[in-house]
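When a ligand or atom number is given, it counts from 1 through the structure's own listing order. Note that this is a predicted model, so its numbers are computed, not measured.
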Amino acid sequence: MHFDQPMFKNDELKDKVIVVTGGGSGLGESMTRYFLQLGAKVVITSRKLEKLDKSAEKLRAETGGEVLTVACDVRDYEAVENLMAESLNTFGKVDALVNNAAGNFISPTERLSANAFDTIIDIVLKGSKNCTLAFGKHWIKQKQSVATVLNIVTTYAWTGSGYVVPSAAAKAGVLAMTRSLAVEWAKYGIRMNAIAPGPFPTKGAWDRLLPGDLKEKFDIKKKVPLKRVGEHQELANLAAYLLSDYSAYINGEVITIDGGEWLQGAGEFNMLEQVPKELWDMLEAMIRSQKEKS
Ligand code: HXC
Ligand code: NAP
């Protein structure tokens, strides 16, 4: 099994300029590393410049690639316009945007202040909207023939989920925006796709979603039919494919990468997985005997 290995081996993203929001940590950093290995130039952005610079230094040393860091709170449209201006000043163009920045924490919804709810909606939905609108307007004005937006959502964008309701509502909005603009902006050569990851260990997500001993209490692997969490490289492989020219006919799609996790939760009788093999003879006999009686 090679799922933790780089899928592309050459310069499949050579000379592409990619902006990754939240690119200085977690999955954003892992995607950035792989894009650099494939020859892309990457702009990483988030609120904390010091964190971004540290990450960029590490990534340059590891890959020899070109990384620009720009501090930007994606909730602020002017800051996003500045991000775009700095990216264009340095690299002359932008080919792709990855809306990866997010905020989230677990809480019963009735405990949330209005501001707490807004904070998550603003980072995830308004932030993705700000970046998509700013870069989209630029690409359309420039008549750039090819551009790509990749939105990182979650599987509860369509199932919903208790205890992360602002995040679920915001990610559902991002998914609707993905599918809507995939059609509306296709005529400008802009492709829009999304990835819905299942559990991928990162400090940012896991410390907020499984704090303290919750990590031990809820063994996340048991929720996944494949009985493991995701490897960052396999998500980076998918992201690189969706930004590459090889996926040129994929538009408006959301690709789930979760080992089957959400379907395990959704399938009516999937709990029967817990029935031991030896019990099935007895269960079958019981069901058949019901048929004979009726
Ligand atoms: C209730 C909370 C809270 C908590 C903050 N607030 N934490 N309310 N429970 N645990 C409230 C605050 O009291 C405040 O409301 C409001 O939220 C804003 O908080 P601030 O700290 O001022 O906001 P800010 O500094 O902007 O920080 C944003 C943040 C923080 C979202 C709260 O956690 C953050 O910076 N996160 C970024 C990284 C992240 O979340 N990564 C995880 C992504 S995982 P009041 O009313 O008091 O002013 C993900 C999906 C994973 O998205 C899916 C896994 C399968
Ligand atoms: P993470 O490391 O916490 O990533 C979140 C990033 O967003 C951070 O780099 C953070 O940087 C940035 N950010 C937060 N608020 C911002 C703002 N207002 N403006 C700009 N940047 C901001 O967590 P992660 O696990 O890698 O998550 C990455 C993406 O994957 C998210 O979209 C998340 O919803 C999605 N996802 C993750 C999982 C998982 O299991 N890990 C599962 C499903 C979906 P600063 O703090 O420096 O701003």
Participant: Check this for me - ligand 2, Ala102, N or O atoms closer than 3.5 angstrom, yes or no?
Facilitator: yes
Participant: Please could you name the atoms of ligand 2 that Gly26 approaches to less than 4.0 Å, counting only its heavy atoms?
Facilitator: 2 (O), 26 (O)
Participant: If you measure only the distance, is there a donor-acceptor pair under 3.5 Å linking the side chains of Asn99 and Thr132?
Facilitator: yes
Participant: Is Glu284 paired with Arg288 through a side-chain N to carboxylate O contact shorter than 4.0 Å?
Facilitator: yes
Participant: Report, in ascending order of atom number, the atoms of ligand 2 lying under 4.0 Å from any heavy atom of Lys171.
Facilitator: 31 (C), 32 (O), 33 (C), 34 (O)
Participant: Given salt bridge (Lys or Arg N to Asp or Glu O under 4.0 Å), test Asp213 with Lys217 step by step and report yes or no.
Facilitator: CA-CA 6 Å; Asp213 63 1; Lys217 209 165 176 176; 5.9 Å; no
Participant: How far is atom 29 (C) of ligand 2 from its nearest protein heavy atom, and which residue and atom is that?
Facilitator: Asn100 OD1, 3.1 Å
Participant: With atoms numbered from 1 as shown, which atoms in ligand 2 lie under 4.0 angstrom from a non-hydrogen atom of Cys72?
Facilitator: 19 (N), 20 (C)
Participant: With a 4.0 Å cut-off on heavy atoms, does Arg111 reach ligand 1?
Facilitator: no
Participant: Search all heavy atoms of Lys16 against all heavy atoms of Leu243 and return the closest pair with its distance.
Facilitator: CE-O, 3.6 Å
Participant: Out of Arg75, Lys126, Lys51, Lys48, who is nearest to atom 10 (C) of ligand 2 when you count heavy atoms only?
Facilitator: Lys51
Participant: Using non-hydrogen atoms of the residue, decide whether Phe200 is closer than 4.0 angstrom to ligand 1.
Facilitator: no
Participant: Between the side chains of Glu78 and Asn82, is a donor N or O closer than 3.5 angstrom to an acceptor N or O?
Facilitator: no
Participant: Any protein heavy atom sitting closer than 4.0 Å to atom 19 (N) of ligand 2?
Facilitator: yes
Participant: Using distance alone, determine whether Ser167 and ligand 1 share an N or O pair under 3.5 Å.
Facilitator: no
Participant: For ligand 2, which atoms have a heavy atom of Thr154 less than 4.0 angstrom away?
Facilitator: 43 (C), 44 (C)
Participant: Could you check atom 44 (S) of ligand 1 against the protein and tell me its nearest heavy-atom contact, residue, atom and distance included?
Facilitator: Ala205 CB, 3.6 Å
Participant: Can you list the ligand 1 atoms lying under 4.0 Å from a non-hydrogen atom of Ile120?
Facilitator: 31 (C)
Participant: Suppose I only count heavy atoms of Asp73 and a 4.0 Å limit; which atoms of ligand 2 are within that range?
Facilitator: 17 (C), 18 (N), 19 (N)
Participant: Establish, yes or no, whether the cationic atom of Arg191 lies under 6.0 Å from the six-membered ring centre of Tyr249 and within 45° of the ring axis.
Facilitator: no
Participant: Do protein heavy atoms approach atom 6 (N) of ligand 1 to less than 4.0 Å?
Facilitator: yes
Participant: Which bit of Ile123 is near ligand 2, meaning a heavy atom under 4.0 Å away: side chain, backbone, both or neither?
Facilitator: side chain
Participant: Any N/O of Asn115 closer than 3.5 Å to an N/O of ligand 1?
Facilitator: yes
Participant: Within the structure provided, determine whether Leu49 and Thr69 are in side-chain contact (heavy-atom separation under 4.5 Å).
Facilitator: yes
Participant: Quick one: does Tyr34's side chain have a donor or acceptor within less than 3.5 Å of a partner on Met7's backbone?
Facilitator: yes
Participant: Between Asn100 and Thr21, is there a donor-acceptor pair closer than 3.5 Å when you use the side chain of the first and the backbone of the second?
Facilitator: yes
Participant: Considering Ala102, Ala168, Ser46 one by one, which has a heavy atom nearer to atom 38 (C) of ligand 1 than any of the others?
Facilitator: Ala102
Participant: State if Arg75 counts as touching ligand 1 under the rule of any non-hydrogen atom under 4.0 Å.
Facilitator: yes
Participant: What's the shortest heavy-atom distance between Leu133 and Trp185, and which atoms?
Facilitator: CA-CH2, 4.5 Å
Participant: For ligand 1, does Thr119 get within less than 4.0 Å through its side chain, its backbone, both, or neither, judged by non-hydrogen atoms?
Facilitator: side chain
Participant: Has Lys93 got more than 12 heavy atoms of other residues, nucleotides or ligands less than 6.0 Å from its NZ?
Facilitator: yes
Participant: Residue-level breakdown please: for Arg47 versus ligand 1, do any non-hydrogen atoms fall below 4.0 Å on the side chain, on the backbone, on both, or on neither?
Facilitator: side chain
Participant: Which residue holds the protein heavy atom closest to atom 41 (N) of ligand 2, what is that atom called, and what is the gap in Å?
Facilitator: Phe200 O, 2.8 Å
Participant: Compare Pro201, Ser30, Ser46 and give the one whose heavy atom is closest to atom 21 (N) of ligand 2.
Facilitator: Ser46
Participant: May I ask whether Gly127 has any heavy atom positioned less than 4.0 angstrom from an atom of ligand 2?
Facilitator: no
Participant: I'd like to check Leu175 versus Val254 (side-chain heavy atoms, cut-off strictly below 4.5 Å). Are they in contact?
Facilitator: yes
Participant: Should the proximity of Arg208 to ligand 1, defined as any heavy atom under 4.0 Å, be assigned to the side chain, the backbone, both, or neither?
Facilitator: side chain
Participant: What atoms of ligand 1 come closer than 4.0 angstrom to any heavy atom of Leu209?
Facilitator: 51 (C), 53 (C), 54 (C)
Participant: Report, in ascending order of atom number, the atoms of ligand 2 lying under 4.0 Å from any heavy atom of Ala205.
Facilitator: 23 (O), 25 (O), 41 (N)
Participant: About how many Å separate OG of Ser167 and CG of Leu209, when rounded to the nearest 0.5 Å?
Facilitator: 8.0 Å
Participant: Is atom 15 (O) of ligand 1 in close reach of the protein, with a heavy atom under 4.0 Å away?
Facilitator: yes
Participant: Determine whether the side chain, the backbone, both or neither of Val153 has a heavy atom under 4.0 Å from any heavy atom of ligand 2.
Facilitator: backbone
Participant: Arg47 versus ligand 2: do any nitrogen or oxygen atoms come within less than 3.5 Å of each other?
Facilitator: yes
Participant: Give the residue, atom name and distance (to 0.1 Å) of the protein heavy atom nearest atom 30 (O) of ligand 2.
Facilitator: Ile152 CG2, 3.4 Å
Participant: Establish, from distance only, whether the side-chain atoms of Glu29 and Ser55 form a donor-acceptor pair under 3.5 Å.
Facilitator: yes
Participant: For atom 42 (C) of ligand 2, find the nearest protein heavy atom and state the residue, atom name and distance (0.1 Å precision).
Facilitator: Gly198 O, 3.3 Å
Participant: Are Lys126 and Asp76 ion-paired here, with the side-chain N under 4.0 Å from a carboxylate O?
Facilitator: no
Participant: Do Thr155 and Asp258 have a side chain donor and acceptor closer than 3.5 Å?
Facilitator: no
Participant: Would you mind telling me if ligand 2 is within reach of the side chain of Thr202, the backbone, both or neither, using heavy atoms under 4.0 Å?
Facilitator: side chain
Participant: Does the Ser247 side chain pair with the main chain of Ser244, one donor and one acceptor, at a distance under 3.5 Å?
Facilitator: yes
Participant: For Gly22, counting its heavy atoms only, list the atoms of ligand 2 lying under 4.0 Å from any of them.
Facilitator: 6 (C), 7 (O), 9 (O), 12 (C)
Participant: Which part of Ser25 is near ligand 2, with near meaning a heavy atom under 4.0 Å away: side chain, backbone, both or neither?
Facilitator: both
Participant: Take Trp262 and Trp158 through the test ring-ring contact (aromatic ring centres under 6.0 Å, His included) and record every step on the way to the result.
Facilitator: CA-CA 10 Å; Trp262 85 268; Trp158 57 88; 5.5 Å; yes
Participant: Kindly assign one of parallel, tilted or perpendicular to the pair Tyr241 and Phe8, based on the angle between their ring planes and the thresholds 30° and 60°.
Facilitator: tilted
Participant: Are Thr178 and Asn151 linked by a side-chain donor-acceptor pair shorter than 3.5 Å?
Facilitator: yes
Participant: Could you tell me if Tyr163 and Thr109 have a donor-acceptor pair between their side chains, going purely by distance under 3.5 Å?
Facilitator: no
Participant: Would you tell me which option among Gly198, Ala196, Ser113 has the nearest heavy-atom contact to atom 45 (P) of ligand 1?
Facilitator: Ser113
Participant: With the threshold set at under 4.0 angstrom, would you say Gly23 reaches ligand 2 through any of its heavy atoms?
Facilitator: no
Participant: Between ligand 2 and Arg208, is the shortest N or O to N or O distance under 3.5 Å?
Facilitator: no
Participant: Closer than 4.0 Å to some heavy atom of Leu27 - which atoms of ligand 2 meet that?
Facilitator: 26 (O), 30 (O), 37 (C), 41 (N)
